[in-house]
Engineer: 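Below: one structure in structure tokens.
Position 1 is the first residue of the sequence, and the numbers go up from there.
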Amino acid sequence: SFEQICINLANEQLQSFFNNHIFAMELAEYAKEGITGKHITYENNQELLDLILSAKPLGLLAILDEEALVPKGSDDTMVQKFHAAFAKAKDYERPRGPEPEFTLRHYAGKVTYDAQGFLEKNRDTLAVDVIGAFRLSENQLLKELFGGDDVAKRTGKKFQPKARQRLDRGESKKNMRMSMKKARDSLTKKKKVTVATLFKQSLGELMIQLNSAAPHFVRCIKPNMSKKAGLYDNPLVLKQLRYTGMLETTRIRREGYSYRPTFQDFMKRYYMLGFPLRSSPPANGAACQTVLQRAQITGYEIGKTKVFLRYFHVDELNEKLLPIGHAAVVLSKCLRLAAARCKNSRLLAAKRAQDQKLSVFFNFVEKNGAGTHDVVMSLCDEDARRPASFWQKAPAEAAKPVDKKLDTMARKGMQRAASVRWFKEVEKKKGAGQTNEGFADWFFGVITRKESEDRLTNAPNGTYLIRVAESRFGYSLSMAFKGRIKHFMIDQDNSGNYVVVGNDRTFASLNEIVAHHKRHAVTDEGDILVAPCKADGPRADLDELS
């Protein structure tokens, strides 16, 4: 139809502008960087536009206007003139039969037009009687559009917008004849302008505005006709890409240099293909050319600030980078492994230190807990041996003086029992004071300080013994030295090792203490252990510990 050829003409003109703009941008970019773009070609539809819009020689729209002004012009004669004028045009095809139609080859494909009604739609004129009726309309807008007269001025009657004025038939016919005469005179004086001419002028104004602007193109592609998400109709999408010129634009970019990184960006990504990894080459054209030559890339161009590469060059360069990437992955893996091992070593060391602290803490708790348990059990045993009358409340009597000596003896008896139990349950299992043949000669059970002094009195220098302490969980070292008896406390640290109070050295057993101080003095006075204090006769103190 006539409307469709106008729509297709507008699309053809916009496509030409789009192609010229994209191609001009390409050439401008090349010229700016000093690179020739002669090898780039694109499909130009200017011949079809000239065929439709040309004034000399007459184009399709010019012949259409000429035929519209001829009184005896018809659609058939117009089509025959089209066939004669465009017989040699490659974008025009005539039908094989006598049908009033023709075919134009647009950029999106061939379109066949039916010429019936072309002239009538192009003239776009109303009959004189219709214009005369509009001029007499009561609608003020229609009256103003078609240059109507005011009836009230001619008849002298006041116009009533809400009530229809009643005129006799004769006066109505007279007014209609006068209106038609004025309409005919107006059409004669006014220059006839066709729809094609107006459309051509409007299209020209649009192109002037587009050429003076900085256009940006947005192409919308409909994935399917069903309005469903995630559904792509491939033939439909391909047709739209072809009709919107996107395939042609892609071809232009493919024939040119589609990838154009700056020197800085190119060297940042690909410098390792031509220079050592630890080097810092300059970001200039010479360095970029060195990288491309060593990577064996051909067909590129070096501009003033950019590297111009074809679309397949990027894949080639990325393929050259693959070994470096793999090596980086292996190196990163090894470094992460080393870092993980270092971290694991630190965690293991921290765990061992924590385990050691926990072991010391639990030994301390076990040692003190055992002693407390022994004391409590001794008290319970004492309570169990008391008669029932002990727990009965005695009648109030006058307070009697407490025998402090008896009370002290009772407390000492309790402490002695606790020490004996502690040795049996804890120390005896560790082998304290024992040898393969039994208790050592220098080891004594729970004896008092005075009893040890009685045994060492008049003994030679260096005579010694080790006894279980009566009032605490530990031992005492007693020795005769220069006519007097010296006593040293032997305690245990949190790790369960033995230490002579006053000295820093720790020992794993009492036997090690004796062996050490046989060679080294206990104090700075030179008090070395020489011989054990042997006891004759039965050993009640040791029997108590068995």
Side-chain angles (χ1 to χ4, degrees), residues 18-43 214-219 221 232 234 237-238 241-242 244-344:
F18 176 73
N19 287 344
N20 290 331
H21 180 74
I22 296 297
F23 187 66
M25 287 177 57
E26 292 284 307
L27 294 181
E29 181 73 14
Y30 295 158
K32 180 181 176 181
E33 294 289 331
I35 294 175
T36 179
K38 294 180 180 179
H39 63 284
I40 302 176
T41 60
Y42 74 102
E43 186 175 352
H216 296 271
F217 300 94
V218 178
R219 298 297 194 187
I221 304 297
Y232 285 87
N234 292 334
V237 172
L238 180 61
L241 291 175
R242 182 179 293 110
T244 55
M246 293 305 300
L247 296 182
E248 179 67 14
T249 304
T250 304
R251 189 188 63 80
I252 293 175
R253 294 301 297 267
R254 284 169 63 93
E255 286 188 0
Y257 302 99
S258 57
Y259 184 52
R260 309 163 190 173
T262 61
F263 291 160
Q264 291 79 5
D265 293 340
F266 181 84
M267 292 301 296
K268 182 179 180 180
R269 180 168 178 79
Y270 299 112
Y271 81 93
M272 65 286 299
L273 295 177
F275 298 92
L277 288 174
R278 298 177 63 86
S279 63
S280 299
N284 54 34
C288 295
Q289 189 168 7
T290 300
V291 172
L292 291 169
Q293 288 177 351
R294 293 182 180 178
Q296 299 179 356
I297 303 298
T298 59
Y300 61 88
E301 292 287 346
I302 302 295
K304 296 178 181 179
T305 61
K306 297 180 180 180
V307 179
F308 288 79
L309 302 172
R310 303 291 297 277
Y311 68 94
F312 53 84
H313 286 155
V314 179
D315 294 335
E316 294 179 359
L317 288 171
N318 290 337
E319 188 175 357
K320 301 286 185 180
L321 286 176
L322 286 179
I324 299 178
H326 293 328
V329 171
V330 173
L331 181 61
S332 176
K333 178 178 68 174
C334 295
L335 292 176
R336 289 198 303 270
L337 175 61
R341 286 180 173 176
C342 292
K343 182 178 179 180
N344 186 59

Engineer: Carefully, step by step, assess Ile302 and Ile35 under the rule side chain to side chain contact (heavy atoms under 4.5 Å, CB included).
Structural biologist: CA-CA 8 Å; Ile302 302 295; Ile35 294 175; over 6 Å; no
Engineer: Taking atom CD of Glu29 and atom NZ of Lys32, what is their separation to the nearest 0.5 Å?
Structural biologist: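 Taking CD in Glu29 and NZ in Lys32, the distance rounds to 6.0 Å.
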Engineer: For side chain to side chain contact (heavy atoms under 4.5 Å, CB included), just list the numbers for Tyr270 and Leu292, CA-CA rounded to whole Å, side-chain angles, deciding distance to a tenth of an Å, and then say yes or no.
Structural biologist: CA-CA 9 Å; Tyr270 299 112; Leu292 291 169; over 6 Å; no
Engineer: Any side-chain to backbone donor/acceptor pair from His313 onto Thr298? Under 3.5 Å, distance only.
Structural biologist: yes
Engineer: With no hydrogens and no angle check, is any side-chain donor or acceptor of Tyr271 less than 3.5 Å from a backbone partner on Leu277?
Structural biologist: yes
Engineer: Supply the atom-to-atom distance Tyr300 OH to Phe266 CZ, rounded to the nearest 0.5 angstrom.
Structural biologist: 9.0 Å
Engineer: Shortest non-hydrogen contact from Glu316 to Ile297?
Structural biologist: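 Scanning both residues, the minimum pair turns out to be OE1-CD1, 3.2 Å.
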Engineer: Taking side chain as C-beta onward, heavy atoms only, is Leu321 less than 4.5 Å from Met272?
Structural biologist: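 In contact.
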Engineer: Has Glu33 got a side-chain atom pairing as donor or acceptor with Thr305's backbone, closer than 3.5 angstrom?
Structural biologist: yes
Engineer: For residues Leu273 and Ile324, report the shortest heavy-atom separation together with the two atoms involved.
Structural biologist: CD2-CD1, 4.2 Å
Engineer: For Phe263 and Ala283, work out which heavy atoms get closest and say how close.
Structural biologist: CB-O, 3.7 Å
Engineer: Kindly indicate whether a cation-pi arrangement holds for Arg294 with Phe275, taking the cut-offs as under 6.0 Å to the six-membered ring centre and within 45° of the axis.
Structural biologist: yes
Engineer: To the nearest 0.5 angstrom, please state how far the OH atom of Tyr259 sits from the CZ atom of Arg310.
Structural biologist: 16.0 Å
Engineer: Roughly how far, to the nearest 0.5 Å, is the CD1 atom of Ile221 from the CE atom of Met246?
Structural biologist: 7.5 Å
Engineer: Answer yes or no: is there a donor N or O on one side and an acceptor on the other, between the side chain of Asn344 and the main chain of Ala340, under 3.5 Å?
Structural biologist: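 No: the side chain of Asn344 does not pair with the backbone of Ala340.
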Engineer: Provide the closest heavy-atom pair for Ala287 versus Pro282 in the form atom of the first, atom of the second, distance.
Structural biologist: CB-O, 3.1 Å
Engineer: Just verifying a value: how many Å separate Tyr311 OH and Tyr257 OH, rounded to the nearest 0.5 Å?
Structural biologist: 13.5 Å
Engineer: Looking only at heavy atoms, what is the nearest atom pair of Met267 and Pro281, with distance?
Structural biologist: CE-CG, 3.6 Å
Engineer: Measuring from atom CD of Glu319 to atom CG of Asp315, what distance do you get when rounded to the nearest 0.5 angstrom?
Structural biologist: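 Glu319 atom CD to Asp315 atom CG measures 8.5 Å (nearest 0.5 Å).
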Engineer: Before giving the answer on side chain to side chain contact (heavy atoms under 4.5 Å, CB included), spell out for Leu309 and Glu301 the whole-Å C-alpha distance, their side-chain angles and the decisive distance to 0.1 Å.
Structural biologist: CA-CA 7 Å; Leu309 302 172; Glu301 292 287 346; over 6 Å; no
